[in-house]
Structure formats: C-alpha cells, structure tokens
K.L.:
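Dropping the structure in here first, questions after.
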2 protein chains.
Amino acid sequence: MTSEAVPGGERLRAGGVRLTRQRAAVLAVIEGSQGHLGVREVLAAVRKGRRRIGLTTVYRTLEVLASLNLIRKVHLRDGCQRYARAGAGHGHHLICSRCGRVVEFSDCRLGALIQSVADRTQFTIEDHWLELFGRCKGCRNGRGRMRRRSGFRETGTRPGPAAP
Amino acid sequence: MTSEAVPGGERLRAGGVRLTRQRAAVLAVIEGSQGHLGVREVLAAVRKGRRRIGLTTVYRTLEVLASLNLIRKVHLRDGCQRYARAGAGHGHHLICSRCGRVVEFSDCRLGALIQSVADRTQFTIEDHWLELFGRCKGCRNGRGRMRRRSGFRETGTRPGPAAP
DNA sequence: TCGCACATGAAAAACTTTTTCATCTAGGAG
DNA sequence: CTCCTAGATGAAAAAGTTTTTCATGTGCGA
C-alpha cells in the first residue's frame, strides 16, 4: 500500500503520524459521508467495508484525525461526539436538523460583534464557535425530525446539491 | 415554604412543573455560580448546602430547568453536559477558558451572514448557536489553563467585574 | 386537611469512554 | 530488500456516565 494510493495519506504523514489501514478507513468513511457520524456508526461503517477495526482504535483515530483537522468534531444540541468531513474553512457548520447533512462554511464576519462584546465585558476573545441549524433543500418540507443518532449516508460520494 | 420565598419559584410554576426543594436547590446553585457546572459538581454543591438530593434527580432537574430556560446548557470543546445561569438574551456565551466564568450576551448580529449562507447553500436556517472563548479580565495574564472540569464558584453571589 | 399525580432516589441496567498490555506493523535504517 | 523498533492496534477490563425501574415521598389544588 503506497501512501499515494490512499486519500489522506500525505496529510496523515504530514501530521507526523503513521498511515495505517485503520486510519485510512476511518478517514474514508467520514469523507464519504455527507452527515455527521458517531463513534459506533464509524465502527459499523468501517466494518461493513470489510476492514477489521476495534472500538478503541475508532476513538483514538477520530481524535487524531480531528486534531490534524482532517475531520471536524460536530456539536449538536445533545451529545457532541460526532464527526464530519472537514472543508476548507476554519470549521463552522450548517447542519440539517432532519437528515443530518453538514455543510461547512468559513466566512463568519464576526469581527464587529467580537469587538463589541470584548469591549463590554473586558474579555480578550481568542476563539469563536458558530453553528447554524436548519433544513436543507431536500428536507425543506419534511414532516418531522429524523432520529438524531441515525447515520445519514455511511459511504459513497455522490455530489450533494449544497456546497459552499 | 411559600413559593414567594424561593427564587425561581414563580418561574417554575409558570413552566407547569412543581416547585420542589430539590429544584430550588439546583437552581440556586447554578444561579450562584459564575461559571459552568457539570452534573457531579451540581450534586456536590447541593449536598454541601446540606440538602438531600439524588444523582438521578440532578440529571432530571437540570434538564427541566434548561427546558424552561431557567438555566443554560453550555457546550465546551470537550463535553457538553455543563450548565450555567441564564441571562436575558437568547443564550450566547462568552467563556473564560481559564477560570470558567460565563457571560451571556444576546446581541449577535448574524442576519447578513445567515442570509448569505442560506442563499449559497439553499438551506432554510432556523437556529444558530454562537460561543466565544477567551480570557476574562482577571485571567488575562494567567499562566496556563485551569483544569477544565473544576468548579469555578459553587455558590455565593458576588458581583463580578464583567457583565453586559 | 386530604388525595393523588407528579417527583424523588436507591439500585440496577445500559451505555460510553479510558486504561491496560500483549501483539502487530509502518516505514526508516542499513 | 530485510530488519528493527517506536508507534499503533485491539480484546478485555475498568472506570465513568446516563437511563430505567419502581417503591416511597410530597407539592399543591380541591
């Protein structure tokens, strides 16, 4: 297995960690999903792809990949151990509350707001975190809310209609 | 114990739930803290105040109080089962990454940004969520980062230097 | 004051996350 | 190309968190 053949291989190496088949598999699963996945879902998806992997490794790998910014940790109203593929920006998310689709955006013009809050509160503001929730085009007229923890698309990359 | 004597009593009743000594105690602990507290910390603080309460009740009560907007759920980088007192706004938080102090603000002028992201992604955006992280005045020159899960001030309301 | 629907809490169950440690392997050295 | 080893893996166990259960308690309207 050459690193060239594995998407993300270079990026893993660049991060100073080894390219293992497990890491490649987890990265592929996340990148192949348009939604956000939890630990058990990643485990199931990797195993469905006929690759052996242990639960412990999934925990560790998700943490490693997130720290390298190869994937993003997504926070929902309840529970925040979910992950989505990383886009170009610094990781703000727009999440469909019905199907779970995650779209990343980075143009958060918060400069003025941050300045104003900083002035008023005497804080030095170092970081911010913004998430938007709504309905994607396909789920616009959906009746209810899909079960939160259900996977959206485990794998398979079909270009979605929405992208920044 | 009349409801008048208990801060939050009216608000609990208005929410359609009973005013119990446990709910009052949990609310008092959260309101008396300037930081964010986890479930175990709330449990410990209530018990330190010599009031009997069970862990199950703490879980249930925090959920009830948060659903009535009497307290807020705070999400941190890791873990998001922490709670802080509720201010007037719709609940955005500025959090000191050293001491844990939480300041709520509500003037988030995100209209233009939300419009722009909505246009580009074809999403209908229904809700947003913004959190700022930094250092409060007192922690400006702090060396490191205080242990994340440590309580900040369990109780006692001394007017802090920072308030919107 | 009474009564009961709602609330509590101890214990157990269910679930999640971390730790441990023996084994494996990616990938650089030779 | 083969060898070697630090880093990676994973099964099992431990630790921690959250939910469920159900008998008992109590807020509050009648």
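Order of the sequence lines sets the chain letters (A, B, ...), proteins ahead of strands, with each chain counted from 1.
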K.L.:
Please report the distance, rounded to the nearest Å, between CG in A:Leu55 and P in C:dT16.
P.N.:
9 Å
K.L.:
I need the CD-P distance between A:Glu10 and C:dG27, as an integer number of Å.
P.N.:
10 Å
K.L.:
Starting at atom CG of A:Leu43, determine the distance to atom C1' of D:dT9, rounded to an integer number of angstrom.
P.N.:
13 Å
K.L.:
Going by heavy atoms in the side chains, are B:Arg21 and B:Arg51 under 4.5 Å from each other?
P.N.:
yes
K.L.:
In whole angstrom, what separates A:Gln81's CD from D:dT18's P?
P.N.:
11 Å
K.L.:
Reckon A:Gln22 has a side-chain N or O less than 4.0 Å from the OP1 or OP2 of D:dG10?
P.N.:
yes
K.L.:
Once you round it to whole Å, what is the distance between P of D:dA8 and CZ of A:Arg52?
P.N.:
19 Å
K.L.:
Is there a side-chain polar atom (N or O) of A:Arg13 under 4.0 Å from OP1 or OP2 of C:dG27?
P.N.:
yes
K.L.:
Of all the choices, C:dA26, C:dA11, D:dT9, which nucleotide is nearest to the side chain of B:Thr56 once you look at every atom?
P.N.:
C:dA11
K.L.:
To the nearest Å, give me how far apart CZ (A:Arg21) and C1' (C:dC24) are.
P.N.:
11 Å
K.L.:
How bent is the helix from C:dT1-D:dA30 to C:dG30-D:dC1, measuring the angle between the end axes built from five pairs each, rounded to 10°?
P.N.:
40°
K.L.:
Can you give the donor-acceptor pairs under 3.5 Å from side chains of residues 65-73 of chain B to other protein atoms, not counting sequence neighbours?
P.N.:
unit_1, atom_1, unit_2, atom_2, d
B:Ser67, OG, B:Val64, O, 2.8
B:Asn69, OD1, B:Arg72, NH1, 3.3
B:Arg72, NE, B:Glu104, OE1, 3.3
B:Arg72, NE, B:Glu104, OE2, 3.1
B:Arg72, NH2, B:Gly87, O, 3.3
B:Arg72, NH2, B:Gly89, O, 2.8
B:Arg72, NH2, B:Glu104, OE2, 3.0
B:Lys73, NZ, B:Gln81, OE1, 3.2

K.L.:
How many angstroms lie between atom CG of A:Leu76 and atom NE2 of B:His75, to the nearest 0.5 angstrom?
P.N.:
8.5 Å
K.L.:
Where the side chain of A:Arg47 is defined as all heavy atoms beyond and including C-beta, which of D:dC28, D:dA11, C:dG9 is the nearest nucleotide?
P.N.:
D:dA11
K.L.:
Answer yes or no: does a side-chain N or O of B:Thr57 lie under 4.0 Å from OP1 or OP2 of C:dG9?
P.N.:
yes
K.L.:
Please report the distance, rounded to the nearest Å, between CZ in A:Arg40 and C1' in D:dT18.
P.N.:
15 Å
K.L.:
Distance check needed: D:dA15 P versus A:Tyr59 OH, whole Å only.
P.N.:
17 Å
K.L.:
If you measure from CG on B:Leu130 to SG on A:Cys108, what distance do you get to the nearest 0.5 Å?
P.N.:
9.0 Å
K.L.:
Which of these nucleotides, C:dT17, D:dA8, D:dG10, is closest to any side-chain atom of A:Arg23?
P.N.:
D:dA8
K.L.:
Side-chain donor or acceptor of B:Arg18 under 3.5 Å from a matching atom on the base of C:dC6?
P.N.:
yes
K.L.:
Go through the N and O atoms of the side chain of B:Arg60 and the base of C:dG9, and report whether any donor-acceptor pair is under 3.5 Å.
P.N.:
yes
K.L.:
Answer yes when B:Arg23 and B:Glu63 have at least one side-chain N-carboxylate O distance shorter than 4.0 Å, and no when they do not.
P.N.:
no
K.L.:
How about B:Cys136 and B:Cys96: are their SG atoms under 2.5 Å apart?
P.N.:
no
K.L.:
Between B:His92 and B:His128, is the ring centre distance below 6.0 Å?
P.N.:
yes
